Amino acid sequence: MKKQHIRDLTVGNETALLLIFAMPMLVGNLFQQFYNMVDSIVVGNYVGKNALAAVGACSSLLYMFFSLVAGFANGTGVLIAQYFGNKDEKMVKNVIGNSIYPILGMSLIVSIVSVSFSRPILQLLGTPEVIFEDALLYLRIACAGVVFTGLYNGIAAMLRALGDSATPLIFLIVASILNVIGDLVLVLVCHLGVAGVAIATIGAQLLSAVACIIYAVKTNPYFKLTMRDFRPNRMIIGKCLRLGIPFGAQGSLIALSCVILQAVINQFGEDVIAAFTATSRIESLVQQPFNSLGAALATFTGQNLGAGKVERVKKGFRSSVLIVAVFSALMLILMFFFGNSFVRLFVDDGNVIAIGGKAIRITALFYFPLGMIHLPRNLLNGAGDSTFAFISGIVEVIGRVGFSLILSTIPSIGYWTVWYTTGLTWLITALTCMWRYAQGKWMSISLVGQNT
């Protein structure tokens with residue numbers, strides 16, 4: 001079997017493999033964040049701060065919906081990685097063929113439900129009237145594209161599980177560039193406002209999903225499937241569900257906590273909403289190295305546990321912690337000196353810039369804990385620790401709800417509650433993830449040995 005698009009992570013230097021494997025994902029994530037930033041920059045500078053606030057008011061909701069479908073994709077990826085590490089080629093192909101049912105099914109359900117209930121959800125969150133209609137329009141259009149997001153995340157997770165982090169990058173870059181062009185045309189030329197931004201985004205998602213699937217089928221030997229591989233297998237679908245549901249719950253609970261925090265943010269008015277939108281976009285960029293390294297560690301863990309190489313996973317984890325520590329320190333320094341300048345990229349309102357500049361310096365103090373969420377959490381996910389996936393989501397809900405309730409009662413803190421809550425939630429979640437890792441239960445989990 002020709003395997004030029006596949007990388008075996010069970011042999012070779014751990015640090016080098018993790019960095020090489022993470023780099024395409026980092027580039028892809030940065031491009032994805034780049035076109036998300038362009039959305040905000042175009043809206044904030046050419047439509048207005050209220051439009052920027054409207055887009056920002058939907059961010060947590062969209063993340064929640066996307067997380068549900070991404071969870072199923074990640075669960076499939078973990079299963080494939082462990083079978084691949086165990087050198088079971090037949091089961092790898094069977095999992096790829098059967099994964100379409102839970103991934104596509106969940107994507108369609110989420111898309112339909114989210115579009116149908118957009119208005120009552122925004123009302124429940126107390127979205128300010130001045131931005132409500134723009135937020136509703138943006139949310140409905142973006143939610144209609146959830147099914148495309150599910151398809152792309154599914155195929156990307158499968159390819160990463162097989163050691164191919166480059167193929168999804170190729171099409172994500174092309175889609176990102178087209179998304180930027182779409183933003184400029186639909187907003188500046190066609191004057192469609194927030195609707196234009198949403199349409200450009202789902203168009204890019206559709207393109208990346210379809211192109212990535214076609215290319216994988218043509219080039220990756222594990223995607224040369226027969227009808228037998230698509231025959232429903234209750235054992236495989238059951239494993240996908242047992243992993244996908246907790247992983248999806250993890251992401252959606254995290255997003256739900258952000259939605260609850262968004263309700264707190266909405267009480268402080270348009271300037272604070274716009275500032276939070278800008279700082280969130282900046283923090284999303286900062287998170288990408290953590291996210292990419294964590295995703296690499298998840299695949300690394302899955303393959304090596306499938307091969308029975310526990311000590312190799314521990315070595316990879318220690319190397320990753322050092323990388324996160326160095327990057328966190330560099331970003332802390334950068335935000336303290338240039339925080340206001342970064343916020344100014346998104347909006348030209350002086351008050352919003354002042355709020356956002358101070359806010360980004362608050363959360364920068366917690367960048368190392370943020371990185372230490374991504375590493376142990378992804379390692380545990382890669383091991384198939386689905387129980388903790390749900391627990392860690394609960395911790396973030398408790399953190400964001402608890403800290404926001406406590407801090408909002410202190411008059412001297414005021415709207416800074418939003419950013420202190422974010423940082424403190426990162427801290428307690430990181431401590432919880434490290435506690436679970438230190439327990440060592442993940443070392444005895446084996447998905448490939450389970451036949452039911």
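The structure displayed is predicted, hence computed values, not measured ones.
Between F268 and Y415, the ring planes are perpendicular. Angles over 60° get that label, and only those under 30° would be called parallel. In this structure, W416 and W419 have tilted ring planes: the angle between them lies in the 30° to 60° band.
Side-chain contact, S99 with T76: no donor N or O sits under 3.5 Å from an acceptor N or O. Side chains of D271 and N351: a donor-acceptor N/O pair is present below 3.5 angstrom, by distance only. Between the side chains of T425 and E396, not a single donor N or O lies within less than 3.5 Å of an accepting N or O.
The number of heavy atoms from other shown groups lying within 6.0 Å of OH (Y420) does not exceed 12. Residue K309 qualifies as enclosed at atom NZ: its count of foreign heavy atoms under 6.0 Å is above 12. Within 6.0 Å of CZ on F336 lie more than 12 heavy atoms contributed by other residues, nucleotides or ligands. Other residues, nucleotides and ligands contribute at most 12 non-hydrogen atoms within 6.0 Å of the CZ atom of F390.
Between E283 atom CD and W426 atom CH2 the span is 4.0 Å, to the nearest 0.5 Å. Distance check, rounded to the nearest 0.5 Å: OG of S386 to CG of L241 gives 11.5 Å. Considering CG of L108 and CD1 of I112, their distance stands at 6.0 Å, rounded to 0.5 Å. Atom CE of M64 and atom OG of S114 lie 9.0 Å apart (nearest 0.5 Å). One finds the CG atom of N86 at 11.5 Å from the CD atom of Q303 (value rounded to the nearest 0.5 Å). Put simply, OG1 on T429 and CD1 on I398 are 9.5 Å apart, with the number rounded to the nearest 0.5 Å.
Side-chain contact check for H374 versus L297: every heavy-atom pair is 4.5 Å or farther apart. Contact of the L424 side chain with the L407 side chain is registered, since non-hydrogen atoms from C-beta on lie closer than 4.5 Å. Residues L345 and I282 have side chains not in contact (no heavy-atom distance under 4.5 Å, counting atoms from C-beta outward). Looking only at side-chain heavy atoms (C-beta outward), S111 and F148 stay at 4.5 Å or farther from each other. Contact check for S257 versus V401: no side-chain heavy atoms found under the 4.5 Å cut-off. Looking only at side-chain heavy atoms (C-beta outward), Q439 and F388 stay at 4.5 Å or farther from each other. You'll find the side chain of I245 reaches within 4.5 Å of the side chain of F72, heavy atoms only. With a 4.5 Å cut-off on side-chain heavy atoms, F65 and T149 do not count as touching.
Remark: of the listed residues F290, F368, Y367, F290 is the sole one forming a ring-ring contact (aromatic ring centres under 6.0 Å, His included) with F327.
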**Asked** After noting the C-alpha distance and the side-chain angles of N381 and Q250, does the key distance pass the side chain to side chain contact (heavy atoms under 4.5 Å, CB included) rule?
**Response** CA-CA 10 Å; N381 285 352; Q250 177 189 67; 3.4 Å; yes

**Message:** Assess the residue pair R312 and L17 against the criterion (side chain to side chain contact (heavy atoms under 4.5 Å, CB included)); give the C-alpha distance rounded to whole Å, side-chain angles, the decisive distance to 0.1 Å, and a yes or no.
**Reply:** CA-CA 12 Å; R312 185 172 169 81; L17 281 171; 3.1 Å; yes

**Derivation of the side chain to side chain contact (heavy atoms under 4.5 Å, CB included) call for L19 and I323** = CA-CA 10 Å; L19 287 173; I323 294 169; 3.6 Å; yes

**Asked** Hey, mind stepping through I273 and T277 against side chain to side chain contact (heavy atoms under 4.5 Å, CB included) and telling me if it holds?
**Response** CA-CA 6 Å; I273 297 174; T277 302; 4.3 Å; yes

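T301 contributes no side-chain N or O that, together with a main-chain N or O of V313, makes up a donor-acceptor pair within less than 3.5 Å. For D134 (side chain) and A54 (main-chain N/O), no donor-acceptor pair under 3.5 Å exists by modelled atom type. Checking side-chain atoms of T299 against main-chain N and O of A296 turns up no donor-acceptor pair under 3.5 Å. Remark: the backbone N or O of L261 is not paired with any side-chain donor or acceptor of S404 at under 3.5 angstrom.
The two residues G145 and Q205 make their nearest non-hydrogen contact at O-OE1, 3.4 Å.
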